[in-house]
Structure formats: C-alpha cells, structure tokens
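These numbers come from a predicted model, not from an experiment.
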Amino acid sequence: MERRSGAGLQVDSGEIDRTQTAKFLRKLASGGIRSAEAWSSIEFRLRTEAEADPRIDLRYDTRVQTINQDDESAWVVTNSGEIFRGDILIGADGHRSTVRRHVAPDKPNATFAGYLIWVAIVDENDIPEEHRPSLNAPKFTMPDGIGDFLLGSIVAGADGSHDLGDRRLAWAWYDNTRNDLLRRLGCVEGTIVRHSLNAPDIPEQTLIELAEQASVRWPQPWLAATLHSIQTRNLIGIPIAEYVPDNLVKGRIAIVGDAAHVVTPLTASGFNASLQDAATLADCVAKEIKGTEAAEALLEYESRRLKDVRQIVQSGQSFSRSFGQ
C-alpha cells in the first residue's frame with residue numbers, strides 16, 4: 001500500500017445508508033456531516049481506525065506485481081517476492097488497477113476523458129488576510145470562468161479546525177487546453193492515462209499561462225489560492241480517466257472503488273460510490289465462507305453494485321463528451 005496525498009473530496013452525510021456497516025464507514029470518513037473534506041483528513045481517520053484493529057496488517061510502500069487464483073485460494077506476489085493468500089482477494093488499487101486486469105482482461109484500462117484538472121490545497125494563512133473568506137462564506141463554490149471552470153471548497157485545517165485562519169482552501173480547475181502537453185510529457189498515451197503531471201514536471205511557461213488566466217478569471221479568495229499554488233508549485237495536473245465496468249468479479253477476486261469504476265470528479269460521487277462498494281462487499285462476506293461460497297458471495301456483491309456504478313460513471317460522461325477535447 002502506498003500513501004497518497006490527494007486534494008478535496010465530497011463526503012455525503014449518509015441519510016440513505018441502510019446498513020450498519022455503511023453508517024459506520026460514513027461516520028468514520030465524514031464525522032457524520034455532508035461536507036467537502038481534504039483526502040488527507042479522511043485517510044488519517046480511516047488509517048487510524050485500521051491501525052487500531054489487530055486483525056488488519058497495513059503494509060506501506062509495497063507494490064503488488066502479480067495476482068492469481070485457483071480452486072482453493074487467491075493470492076498476490078509483491079515486488080519483494082512476498083506471497084499473500086486468502087479466501088478472497090479485493091482490488092482497491094485505483095484507476096490504473098492491476099487487479100482489474102485479472103478481473104476484466106478484455107477491458108483492463110480506464111480511458112482518457114479529454115481534459116485534466118489542476119488541484120491543490122492552500123493553508124488559509126498563506127494568502128493575504130484581506131482575501132481570506134469569512135466564517136459564514138459558502139463552503140463550496142463554482143466561480144464563473146471563461147471556457148473552463150473551477151470548483152472551490154473551504155475545508156478544515158490539518159488539525160481539524162474550522163477557525164478563521166486555521167482552515168484550508170481546496171480548489172480544482174478543469175482545463176481542456178493542455179492535452180498536447182499531457183501527450184508530450186507522456187502523461188497520456190493514446191487513450192490511456194499513464195500518470196499525473198506532478199509539480200516539478202510542469203513547464204515554467206505553463207505556470208506563467210495559468211497565472212495569467214487565473215488573474216482574469218477567478219474572484220477572491222480563489223485567485224489568491226490559485227496564484228499561491230502556482231507560484232509555489234504546490235499543485236498537480238490530473239488527466240481525467242473514466243471506466244464503465246462490465247463486471248466486478250472473477251472467481252475469488254473482486255474490485256471496488258476506482259479499480260471498479262472511474263467517474264469524472266465533477267459528479268462528486270466517486271468517494272461515496274466507493275464507500276458503498278466497501279459496505280456492500282462487507283455485508284456479502286460477513287458470514288464465514290468456505291469453498292465455492294467465496295465466489296458466490298462476491299457474485300452477490302456484483303449483482304448489488306454493478307448497475308448502480310455503471311449509471312454513476314455514465315452520468316458524468318455527457319459532460320466529458322462536451323468538455324473533453
């Protein structure tokens with residue numbers, strides 16, 4: 001498992017959660033409120049809970065090289081040669097999922113949607129005091145832009161504080177004008193997203209252009225936040241990929257989250273759909289499973305989730321078709 005930073009995520013409050021598992025995961029992730037949150041805050045709460053459970057063994061900086069299964073078990077082989085076996089194997093390994101290649105070998109890759117988003121989180125005290133939002137400012141906004149657009153969220157500070165001066169500003173700038181750059185730098189090859197455009201690799205000219213565009217497009221406090229991110233290279237360009245699954249399971253192996261379905265962030269549903277995957281899967285495998293029961297339990301998970309997650313991804317594809325280049 002590799003730890004990642006990420007930016008902001010929309011977390012629902014869970015009014016529609018029907019099972020105790022879903023309610024528990026939602027409360028753990030969101031604190032019981034509907035809000036935009038920094039992924040680092042969500043990941044901290046989830047990781048703290050996992051580390052406190054003696055039944056869970058977390059491994060960081062460990063890469064899965066191969067996976068396989070037979071009639072008795074499923075297993076992974078890591079980059080250090082370790083082998084881990086289990087009755088079932090669940091791939092939650094993101095939009096470039098290794099596990100998906102086993103589950104859906106005829107459709108292994110998410111495809112480029114035709115645009116990227118620039119994302120960053122800025123400490124409130126890093127922007128001029130006169131531009132900091134008031135305590136009653138909207139927690140979520142979409143300023144008017146020209147051709148592209150920005151989503152801005154006021155999120156808690158790293159210590160969880162919502163006090164003035166302690167908060168953070170998370171922003172996501174949708175940009176459909178950099179596809180040539182993404183291809184030139186190898187971020188996108190053909191229809192496949194290979195990697196994000198990390199801050200050190202962003203050309204200086206691109207940063208200059210972004211600062212010029214921001215200066216005529218975004219109001220405060222988002223102008224100050226974007227300019228600070230650009231000037232300090234505290235941003236990342238993420239080529240958007242999408243994946244509509246045809247199946248979620250193969251034998252003893254299943255996929256969840258972005259490994260199973262990749263949706264444009266504009267829908268604000270990716271994290272919530274992943275949480276529902278986890279809760280549904282947990283309910284399906286809650287009882288002791290032996291022999292063929294493992295595959296049967298995973299097929300139940302697929303039957304309960306496949307239609308919904310296909311619709312979630314497809315709901316964002318109309319935007320991608322109109323905005324992507």
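- A distance-only check finds a donor-acceptor pair linking the side chain of Gln220 to the backbone of Ala224 [under 3.5 Å].
- In the hydrophobic cluster analysis, where Ile, Leu, Val, Met, Phe, Trp and Tyr join through side-chain heavy atoms closer than 4.5 angstrom, Val155 is grouped apart from Phe44.
- Each of Ile238, Leu151, Leu235 was scored for a side-chain contact (heavy atoms from CB on, under 4.5 Å) with Val119, with one residue passing: Ile238.
- Atom CD of Glu130 has more than 12 neighbouring heavy atoms from other residues, nucleotides or ligands inside a 6.0 Å radius.
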**OP:** Under the side-chain contact (heavy atoms from CB on, under 4.5 Å) rule, what do Val99 and Ile90 come out as? Steps first, then yes or no, please.
**Re:** CA-CA 8 Å; Val99 182; Ile90 308 302; over 6 Å; no
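- Atom CG of Asp175 and atom CD1 of Ile117 lie 11.0 Å apart (nearest 0.5 Å).
- Both Trp173 and Leu116 sit in one connected hydrophobic cluster of ILVMFWY residues. Membership requires side-chain heavy atoms under 4.5 Å apart, directly or through other members.
- Asp53 CG: more than 12 foreign heavy atoms inside a 6.0 Å radius.
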Original post:
Checking side-chain contact (heavy atoms from CB on, under 4.5 Å) for the pair Asp166/Asn125: CA distance, chi angles, key distance, verdict?
Top reply: CA-CA 7 Å; Asp166 293 338; Asn125 60 16; 5.9 Å; no
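- When all heavy atoms of Pro239 and Val188 are compared, the closest pair comes out as CB-CG2, 3.9 Å.
- Taking the side chain as every heavy atom from C-beta outward, Tyr243 and Val313 never approach each other to under 4.5 Å.
- Cluster annotation: Phe140 is connected to Phe149 through the hydrophobic network of ILVMFWY side chains, with a link wherever side-chain heavy atoms come within less than 4.5 Å.
- Salt-bridge formation is detected for the pair Arg59/Glu82: a Lys NZ or Arg NE/NH1/NH2 atom is positioned less than 4.0 Å from an Asp or Glu carboxylate oxygen.
- Proximity of a side-chain donor or acceptor of Arg85 to a complementary backbone N or O of Val76 within less than 3.5 Å is not detected.
- Here the closest non-hydrogen pair linking Val263 and Gly270 is CG1-CA, 3.7 Å.
- Without hydrogens or angle criteria, Asp277 side chain to Gly257 main chain gives a donor-acceptor distance under 3.5 Å.
- Heavy atoms from other residues, nucleotides or ligands lying under 6.0 Å from CG of Asp70 number more than 12.
- Proximity of a side-chain donor or acceptor of Arg305 to a complementary backbone N or O of Ala278 within less than 3.5 Å is not detected.
- Within the structure, no pair that satisfies the ring pair (Phe, Tyr, Trp, His ring centres under 6.0 Å) test touches residues 181-211, not counting sequence neighbours.
- Of all the heavy atoms in Leu164 and Pro133, the pair that sits closest is CD1-O, 3.2 Å.
- The closest side-chain donor-acceptor pair between Asn109 and Arg100, if any, does not fall under 3.5 angstrom.
- Proximity of a side-chain donor or acceptor of Asn79 to a complementary backbone N or O of Thr62 within less than 3.5 Å is not detected.
- Leu210 has its side chain within reach of Thr206: a pair of non-hydrogen atoms, C-beta onward, lies under 4.5 Å apart.
- In terms of modelled atom types and a separation under 3.5 Å, the side chain of Asp93 and the main chain of Ala259 share no donor-acceptor contact.
- Proximity of Ile312 to His261: side-chain heavy atoms (C-beta onward) are nowhere separated by under 4.5 Å.
- Under the 4.0 Å criterion applied to side-chain N and carboxylate O atoms, Arg304 and Glu300 are assigned as salt-bridge partners.
- Atom-to-atom distance recorded for Leu207:CG and Leu227:CG is 11.5 Å, nearest 0.5 angstrom.
- Taking CD1 of Ile127 as the start and CG of Leu169 as the end, the distance is 5.0 Å to the nearest 0.5 Å.
- Cluster annotation: Ile202 and Val193 are assigned to the same hydrophobic cluster (Ile/Leu/Val/Met/Phe/Trp/Tyr, side-chain heavy-atom contacts under 4.5 Å, transitive).
- Here the closest heavy-atom approach between residue Arg167 and residue Leu135 is recorded as NH1-CA, 3.9 Å.
- A donor-acceptor distance shorter than 3.5 angstrom exists from the side chain of Asn176 to the backbone of Phe323, with no hydrogens or angles considered.
- Taking 4.5 Å as the limit, some side-chain heavy atom of Glu209 sits within range of a side-chain heavy atom of Arg178.
- Looking at Glu302, its side chain does come within 3.5 Å of a backbone N or O of Leu248 through a donor-acceptor pair.
- The CD1 atom of Ile67 lies 14.0 Å from the OG1 atom of Thr78; values are rounded to the nearest 0.5 Å.
- Of all heavy-atom pairs spanning Ser196 and Cys187, the tightest one is O-SG, 3.9 Å.
- A salt bridge is absent between Arg132 and Glu124; no separation between the charged side-chain nitrogens and carboxylate oxygens falls under 4.0 Å.
- Cluster annotation: Val256 is connected to Leu306 through the hydrophobic network of ILVMFWY side chains, with a link wherever side-chain heavy atoms come within less than 4.5 Å.
- Proximity of Leu182 to Phe112: side-chain heavy atoms (C-beta onward) are separated by under 4.5 Å at one or more points.
- In summary, Arg252 and Glu72 do not engage in a salt bridge, as defined by a charged side-chain N under 4.0 Å from a carboxylate O.
- Counted within 6.0 Å of CD on Gln311, heavy atoms from surrounding residues, nucleotides or ligands total more than 12; the atom is thus considered enclosed.
- Between the side chain of Tyr301 and the backbone N or O of Ala282 there is no donor-acceptor pair closer than 3.5 Å.
- Nearest heavy-atom pair across Ala279 and Thr21 is CA-CG2, 3.9 Å.
- With contacts defined as side-chain heavy-atom distances shorter than 4.5 Å, the pair Ser215/Leu223 qualifies.
- Considering CD of Glu43 and CZ of Arg45, their distance stands at 11.0 Å, rounded to 0.5 Å.
- Using a distance-only test at 3.5 Å, with no hydrogens or angles considered, no donor-acceptor pair links the side chain of Arg168 to the main chain of Ile121.
- To the nearest 0.5 Å, the span separating CG on Leu89 from CD1 on Ile253 amounts to 5.0 Å.
- A perpendicular orientation is assigned to the rings of Tyr174 and Phe319, their planes being inclined by more than 60° (bins at 30° and 60°).
- A donor-acceptor contact under 3.5 angstrom links the side chains of Ser229 and Trp171, judged on distance only.
- Val285 has its side chain within reach of Ile88: a pair of non-hydrogen atoms, C-beta onward, lies under 4.5 Å apart.
- Proximity of Arg310 to Pro245: side-chain heavy atoms (C-beta onward) are separated by under 4.5 Å at one or more points.
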